S.K.: 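Structure in structure tokens, see below.
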Protein chains: 2
Amino acid sequence: MGVQMAVTIKDVAKQANVATSTVSRVISDSPNISDRTKRKVRKVMEEMGYHINLNARVLVQQSTQNIGIVMKDSTIESLHDPFFPVALQGISSYAHKRDFSISITTGETEEAIFRDVEKMVQGKRVDGMIVTYSKENDKVVPYLLKCGIPFVVVGKPVVHTDEIMFVNNDNVQAAKDATEHLIQLGHQEIAIILGDREFEITDSRLKGYREVLESNNIPINDAFIKQSTNMDCIKTILDELLALPVQPTAILGSDDLASLHIMSVLREKNIEVPRDISLISFNNTIVAELMNPTLTSVDTNIFQLGYEAARCIIEEIKERSTHTKSVIIPTKIRKRESTQPYKKVE
Amino acid sequence: MGVQMAVTIKDVAKQANVATSTVSRVISDSPNISDRTKRKVRKVMEEMGYHINLNARVLVQQSTQNIGIVMKDSTIESLHDPFFPVALQGISSYAHKRDFSISITTGETEEAIFRDVEKMVQGKRVDGMIVTYSKENDKVVPYLLKCGIPFVVVGKPVVHTDEIMFVNNDNVQAAKDATEHLIQLGHQEIAIILGDREFEITDSRLKGYREVLESNNIPINDAFIKQSTNMDCIKTILDELLALPVQPTAILGSDDLASLHIMSVLREKNIEVPRDISLISFNNTIVAELMNPTLTSVDTNIFQLGYEAARCIIEEIKERSTHTKSVIIPTKIRKRESTQPYKKVE
DNA sequence: TGTTTTAGTGCAAACGTTTGCTAAAAATCG
DNA sequence: CGATTTTTAGCAAACGTTTGCACTAAAACA
């Protein structure tokens, strides 16, 4: 083959002694073309090694069959967090079924990502977008809304919630389940380590945590509510928690990687999970199952989140359904070694 | 904005009272256009909210500024393996610098992936490709070679090695280092658990392992050389290893996730790492550092692998340099708790 | 002041498709 | 067998850019 000029629809047409339009219709298997002609043209296409130029097609059809994926800006540790790859796999899986391709943003900062999105959308390289996070002060979602391009967010949008398609877990419920589980085990002093407050998920989790404590008449201790923006501050947070007059006997970690980190820090301090402190986590990635001790984790079905997001956006693009549907993916707690009944004596 | 017709270069031209060619030249900041005209046109573009249609540009320029990324076919566990996301981040990082966008394959099986590649390449949606694996009986690489499209493989190509650009670790050396480390610690009975034999990396590792044993006059025990194609067979493999008359005192795991798995199985059997068996791994992902016990792992610099791959391919595309350069990314062993000196009494 | 150079723009043809409309050929019917 | 319908295929205009070439006005020169 080499780098030679590609064979076009015109070349095929000439060779097959038909018009370009005929070739085009053969490609789309139009019923207006007789089987005899189709066979003839297909044979020529085969012989000449013809392949369609998608850019040309996109230009006239105004449809790319491509969706853009917006990553959240990547700190070095979010790299290692299995959330994105698993969600991506879910997206891929459905997209492939529908013969859609995917492009992802490459920017590392919020502004760079925004420009990536602009370029994809304005450059007409995508038919729709999937935003894989939901956070406050985000510029991407309002922008997409303004553009009128189909999009879906993974997580619950913080603005215009009812105008935007989203797929999400019931994060309040997930946090409730987790907290409830600890209470069932007899824990009363329960700390929670949250992620960045800008993300919607953080607020919802906190809400669930609070509600369960209240309904169980357990006073809410603000000193037990901690926020870690990056992995490094986990150590500080644990230092603070352990310096309290009344120490927590159980902790909710924000995700499996953070929990792994928490456990690692506790180990350094010779505090043993679950003997001294119970630990519960979210996402139920494979590490939860393999860690030592194994980690109780709320399965958020990340793959499914991605899969449904892709389904939403592609159906929207294809069927142009006007109703902004949203889907909630169920969560399920996976009980493992890291959570054990509270024992009075430490 | 809404879904209304997009504003084109023609609209801008009309509004600004210039020719479309002038607008085009303003966009590319051509020196042939006076500053006065440039300002005028830019103002109109601004006012009308003009954005270029990249598909149209691609069609005439025959250059997409987009690179395609070929994933290896995804078993459910490779999903959770941090290799791909980290490599992707490395690729992204350089691509973004050069203002390239990226598209990734969505297929899950080998054939589906091959069709994705075909579609990207023949459809002229990419200027070049990055293949993120190297394995035998792979159809993608020969295909790309035949097409004459620029591409680079992460790993060492198994065919036409000298005609293909690649970025790789010295996997033989990496395995040597790891094995050597164990020998230094006094281990003689060293087992190795490898990945799929089809991948180049597996062979290289085995080679390194063998060479070091030989040069240390340690007889090679074929029963110590195991291959796990998926995570489930790790249990079987360990059963077999532990049933041997002479049991291994140290194991090389194929990557951190596999090692995590190995440790998990050993724990079930009440075999303690590193007390009973030392364990060394590859990739040095974040889990290695956080696991219990922490895991000795050979850092393969995955991010860098991706970064350099992107650099290679983009330079090739831009500069059309004919020499197929390849780069080797250094590895470095990170010693942690999982490898300890051999103690005679078990 | 007439002629040549230069700077700045415009015209129109590409790039490779799709698709509405029209025309020819084939099939059907009375 | 001629008239009518149906099938099949072609013409040409789009889609939104870029770019070689031609052209005009202004500037420089003689």
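This one's a predicted model, so the numbers in the text were calculated from it and none came from an experiment. Naming convention: chains lettered A, B, ... in sequence-line order (proteins, then strands); numbering from 1 in each chain.
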S.K.: Determine, for B:Lys318 against B:Glu315, whether the closest basic-nitrogen to carboxylate-oxygen distance falls under 4.0 angstrom.
M.R.: no
S.K.: Map A:Ser24 and B:Ala19 onto DNA chain C by nearest heavy atom, then report which one ends up closer to the 5' terminus.
M.R.: B:Ala19
S.K.: Can you figure out which of C:dC15, D:dT17, C:dT18 approaches the side chain of A:Ile9 most closely?
M.R.: C:dT18
S.K.: Starting at atom NZ of B:Lys40, determine the distance to atom C1' of C:dG10, rounded to an integer number of angstrom.
M.R.: 13 Å
S.K.: Taking side chain to side chain contact (heavy atoms under 4.5 Å, CB included) as the test, write out the residues that go with B:Asn66, two or more places apart.
M.R.: A:Arg125, B:Thr64, B:Ser101, B:Ser103, B:Val126
S.K.: Tell me which residues in residues 31-38 of chain B put a heavy atom below 4.0 Å from DNA chain C, sorted by number, or none.
M.R.: B:Asn32, B:Ile33, B:Ser34, B:Thr37
S.K.: Quick one: side chain to side chain donor-acceptor pair (under 3.5 Å) partners of A:Asn168, sequence neighbours excluded?
M.R.: A:Asn171
S.K.: By salt bridge (Lys or Arg N to Asp or Glu O under 4.0 Å), which residues pair with B:Arg42, not counting sequence neighbours?
M.R.: B:Asp29
S.K.: Take the protein atom CG of B:Asn53 and the nucleotide atom C1' of D:dA14, then report the distance between them rounded to whole Å.
M.R.: 14 Å
S.K.: Does anything in residues 124-157 of chain B form a ring-ring contact (aromatic ring centres under 6.0 Å, His included)? List the pairs, not counting sequence neighbours.
M.R.: B:Phe114-B:Tyr143
S.K.: Of all the nucleotides listed (D:dT19, C:dT9, C:dT17), which has the minimum atom distance to the side chain of A:Ile52?
M.R.: C:dT17
S.K.: Would you mind listing every salt bridge (Lys or Arg N to Asp or Glu O under 4.0 Å) that reaches into residues 111-120 of chain A, with sequence neighbours excluded?
M.R.: A:Lys119-B:Asp99
S.K.: For residues 47-67 of chain A, which residue pairs qualify under salt bridge (Lys or Arg N to Asp or Glu O under 4.0 Å), counting only residues two or more places apart or in two chains?
M.R.: A:Lys43-A:Glu47
S.K.: Rounded to the nearest angstrom, tell me the gap between atom CE in A:Met45 and atom C1' in C:dG16.
M.R.: 15 Å
S.K.: Send over the distance from B:Arg57 CZ to D:dT19 C1', rounded to a whole Å.
M.R.: 13 Å
S.K.: Is A:Val58 touching bases, backbone alone, or none of the nucleic acid, heavy atoms closer than 4.0 Å?
M.R.: nothing
S.K.: Which listed nucleotide (C:dT17, C:dG16, D:dT18) is nearest to the side chain of B:Leu59?
M.R.: C:dG16
S.K.: Base, sugar-phosphate, or nothing: which does B:Leu54 touch, judged by heavy atoms less than 4.0 Å apart?
M.R.: nothing
S.K.: Reckon A:Asp11 touches a base, only the sugar-phosphate, or nothing at all at heavy-atom distances under 4.0 Å?
M.R.: nothing
S.K.: Over how many whole Å does the gap from A:Lys10 atom NZ to D:dA13 atom C1' extend?
M.R.: 13 Å
S.K.: Just the atom pairs and distances: protein N or O near nucleotides 20-27 of chain C's N or O, under 3.5 Å.
M.R.:
unit_1	atom_1	unit_2	atom_2	d
C:dG20	O6	A:Arg25	NH2	2.7

S.K.: If the condition is salt bridge (Lys or Arg N to Asp or Glu O under 4.0 Å), which residues does A:Glu136 pass it with, not counting sequence neighbours?
M.R.: none
S.K.: In whole Å, I'd like the distance from the CG atom of A:Asn55 to the P atom of C:dT17.
M.R.: 10 Å
S.K.: Shortest non-hydrogen contact from A:Ser134 to A:Lys156?
M.R.: OG-O, 2.6 Å
S.K.: Distance-only criterion, 3.5 Å: show the donor-acceptor pairs between side-chain atoms of residues 83-98 of chain A and protein atoms not counting sequence neighbours.
M.R.:
unit_1	atom_1	unit_2	atom_2	d
A:Gln89	NE2	B:Ser74	OG	2.9
A:Ser92	OG	A:Leu88	O	3.3
A:Ser93	OG	B:Glu108	OE2	3.0
A:Tyr94	OH	A:Arg98	NH1	2.8
A:His96	ND1	B:Thr106	OG1	2.8
A:His96	ND1	B:Gly107	N	3.4
A:Lys97	NZ	A:Tyr307	OH	2.6

S.K.: One thing to verify: whether B:Glu110 and B:Lys72 come together as a salt bridge, which I'm taking to mean a side-chain N less than 4.0 angstrom from a carboxylate O.
M.R.: no
S.K.: Can I get a per-line list of side-chain donor-acceptor pairs under 3.5 Å for residues 16-27 of chain A, giving both atom names and the distance, sequence neighbours left out?
M.R.:
none

S.K.: Roughly how bent is the helix from C:dT1-D:dA30 to C:dG30-D:dC1 end to end, in steps of 10 degrees, with each end axis from five pairs?
M.R.: 50°
S.K.: What's the CD-P distance between A:Gln65 and C:dT17, to the nearest Å?
M.R.: 17 Å
